[in-house]
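Protein chains get the first letters and strands the later ones, always in sequence-line order, with residue 1 at the start of each.
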Amino acid sequence: MLDIRAIRQQPDVFKAKLQRKKVDPAEIDRLLERDAAWREHLAEVERLKALRNQTSEAIARKKKQGEDASEDIARMREVSARIQELDGRVRELEAEVRDLLLALPNVPHDSVPDGESEDDNPVIKTWGDVPQFSFAPKPHWEIAEALDIVDSERAVKITGSRFVLYKGLGARLERALANFMLDFHVERHGYTEMFPAFIANEESLVGTGNLPKFGDEMFKIEGLPYYLIPTAEVPLTNYYRDEILPADALPVKFAGYSACFRSEAGSAGKDTRGLIRLHQFQKVELVNLCLPEQSYDVLEQLTREAEAILEALELPYRRIEICTGDLGAKDAKKYDIEVWLPAQNRYREISSCTNFEDYQARRANLRFRRDERAKPEFVHTLNGSGLAIGRTVAAILENYQQEDGSVLIPRALVPYMGGIERIAKA
RNA sequence: GGAGUGAUGGCCGAGUUGGUCGAAGGCGCUCGCCUGCUAAGCGAGUAUACGGUUGUUAAGACCGUAUCGAGGGUUCGAAUCCCUCUCACUCCGCCA
């Protein structure tokens, strides 16, 4: 959510910035018009309430002294009726303003490059050598099927399309990756490990910006105001919702493992096979809360922390910066990390690292105090995948595949696989 | 699932015949005094949000409104009365 007061003061600045995200400037005009109407009504109703409060005190005094107050009471009867009427209107206008405000996307940071689509995202860096094969590399789903470590067919029987079931050493690999990533971030990057519930309520989803606009991308629990979380970002960012933190509690660094549920994942008709696009996948998510002036440094650091996982696993990747045309509604600035998938002969997203500035914090009312006497300020929130586990499995299978159909385990992962160095056909 | 109790400020905790209650008191915290240091003691202060006025689109100051789980009702006036909801806790049942 953007700061309505800032918009009032500099509407043209916000129009210009939001136009980079394809927001019609008329939206701002409409918002400001509603806001002005709200303030006008509010001023009047508050004036009447002040009158009523004063008169009520006078009535109390008179009654105590045995004087007649019936005239005041009769007058206030009318005032109260008018207050009730106006109060209703004020509430309506307030809700309209809030709805308009909640619907506005975040403004992109000045450093974000312009662009129309994902095709315009500049590559920031590339790491590692893409593997050269003396044979035609197979897609990961073929490798997995041959090794009997992922069962898609039966997963469809059990649940439906876009779900998978890990089996045997496939399940072991999933688990090993989760443990490896959590340990890595906790031990080397100073994260606090978190394991949240996979269901969150509406307030939490409004807090992170998934509601009210993107409700159809999530699975809703029937009959309850609960949703399956699309990412651990939701519970972790909402952990301190409606709280005021002391400044020395910052930065907060949470690493949380969870399943992630995405209902939209089936609609595109892309990646219908394999582990790339599923209704449920597991992920280790990194959430940072920090001082506003530090958030862009934290974004760089956070992105490096995610990249460090790929480097430890010796998987080639590149980092791209998301241009304005591809930036999400709540994002101020975002990097994607893409891992090399040999069978697709291209890089695919495996992590997104985003600075939301105070957009989520304002929604979630997530604040801090610089010192005991200072006024509360909104923190900045960031998050990044560290990493998406399903896609990491896919990347390992494809990059580490051998001509005989077996797959080597990255060295760093071997201890987590109980010493197993290779997955071969049983 | 059944029965019951409760929800007040950073925390604890008064209030419950409706009328200076934003809310006693205590703790904590901040500043000052005192003290060789610490502790103790003394004094002052100590919620948030929103709107308005003032101000260099500052800091701040001042005025007002709202907030005693949430929403609605009664009333000139509600933390106090009524209704609905939510949540927490206790006991029983069930259960990994």
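B/A3 and B/U90 make up a base pair, with Watson-Crick or G-U wobble contacts both under 3.5 Å. If you check B/U16 for Watson-Crick or wobble pairing at under 3.5 angstrom, you find it has no partner at all. For B/G41, the paired base is B/C33 (Watson-Crick or G-U wobble, both distances below 3.5 Å). Checking B/A47 for Watson-Crick or G-U wobble geometry (two distances, each under 3.5 Å) identifies B/U67 as its partner. Pair check for B/G60 finds B/U54; Watson-Crick or G-U wobble, both atom distances under 3.5 Å. In this structure B/G9 sits in no base pair that meets the Watson-Crick or G-U test at under 3.5 Å. Base pairing analysis places B/A79 opposite nothing; no Watson-Crick or G-U wobble pair with both distances below 3.5 Å involves it.
The number of heavy-atom neighbours closer than 6.0 Å to CZ of A/Arg154, taken from other residues, nucleotides and ligands shown, is 12 or below. Heavy atoms from other residues, nucleotides or ligands lying under 6.0 Å from CZ of A/Phe163 number more than 12. Applying the 6.0 Å contact sphere to CD of A/Glu421 captures no more than 12 heavy atoms from other residues, nucleotides or ligands.
The side-chain heavy atoms of A/Tyr335 and A/Ile124, taken from C-beta on, include a pair separated by under 4.5 Å. A/Thr303 has its side chain within reach of A/Arg319: a pair of non-hydrogen atoms, C-beta onward, lies under 4.5 Å apart. Side-chain contact between A/Tyr359 and A/Val107 is absent, with no heavy-atom pair separated by less than 4.5 Å.
Judged by closest nucleotide on RNA chain B, A/Arg61 is the one of A/Arg61 and A/Trp38 placed further toward the 5' end. Along RNA chain B, the nucleotide nearest to A/Val45 and the one nearest to A/Ile244 differ in position, and the one closer to the 5' end is contacted by A/Ile244.
Residue A/Lys49 contributes atom NZ, which lies 17 Å from atom P of B/C76 at whole-angstrom precision. Distance A/Leu86 CG to B/U65 C1': 13 Å, rounded to the nearest Å. Remark: P of B/G64 and CD of A/Glu57 are 11 Å apart, rounded to the nearest angstrom. If you measure from atom CG of A/Asp242 to atom P of B/G10, you get 12 Å, rounded to the nearest angstrom. Taking atom CZ of A/Arg5 as the reference point, atom C1' of B/C50 lies 8 Å away to the nearest angstrom. Nucleotide B/G64 holds its P atom 15 Å from the CZ atom of A/Arg47, rounded to whole Å. Taking atom CD1 of A/Ile83 as the reference point, atom C1' of B/G64 lies 13 Å away to the nearest angstrom. When rounded to the nearest whole Å, the span between CD of A/Glu203 and C1' of B/C87 equals 12 Å.
Ring-plane geometry between A/Phe219 and A/His279 is classed as perpendicular, the angle between the planes exceeding 60 degrees on a 0 to 90 degree scale with a lower cut at 30.
Atom name C1', nucleotides B/A40 and B/A49: the rounded distance is 39 Å, in whole Å. B/G71 and B/G19: their C1' atoms are spaced 25 Å apart (whole Å). Between B/G25 and B/C89, the two P atoms lie 32 Å apart (nearest whole Å). Distance noted for atom C1' between B/G9 and B/A23: 9 Å (whole Å). A distance of about 30 Å separates the P atoms of B/C92 and B/C83, rounded to the whole Å. Comparing the C1' positions of B/G72 and B/C12 gives a spacing of 32 Å, expressed to the nearest Å. Comparing the same atom, P, in B/G64 and in B/U74 gives a spacing of 28 Å after rounding to whole Å. B/G51 and B/A59 are spaced 14 Å apart, taking the P atom of each and rounding to whole Å.
Closest approach to the A/Arg369 side chain among B/G19, B/G72, B/A47 is made by B/A47 (side chain taken as heavy atoms from C-beta onward). Side-chain proximity of A/Arg39 to the nucleotides B/G77, B/A49, B/G52 is greatest for B/G52. The side chain of A/Arg8 lies closest to B/G51, out of B/A66, B/U48, B/G51. Checking B/U65, B/G51, B/G72 against the side-chain heavy atoms of A/Ala50 singles out B/U65 as nearest. Nearest to the side chain of A/Gln84, among B/C50, B/C76, B/G73, sits B/G73. Ranking B/A47, B/C76, B/C87 by closeness to the A/Ser80 side chain, first place goes to B/C76. In the set B/U48, B/C76, B/G51, B/U48 carries the atom at the smallest distance from any side-chain atom of A/Pro376. For A/Arg367, taking side-chain heavy atoms from C-beta onward, the closest of the listed nucleotides B/G51, B/A49, B/C87 is B/A49.
Contact between the side-chain N/O atoms of A/Asn53 and the OP1/OP2 oxygens of B/U65 is found at a separation under 4.0 Å.
As judged by a 4.0 angstrom heavy-atom cut-off over every strand, A/Leu42 is placed among residues touching the sugar-phosphate backbone only.
Taken to the nearest 0.5 Å, the OG atom of A/Ser152 stands 13.5 Å off from the NZ atom of A/Lys157.
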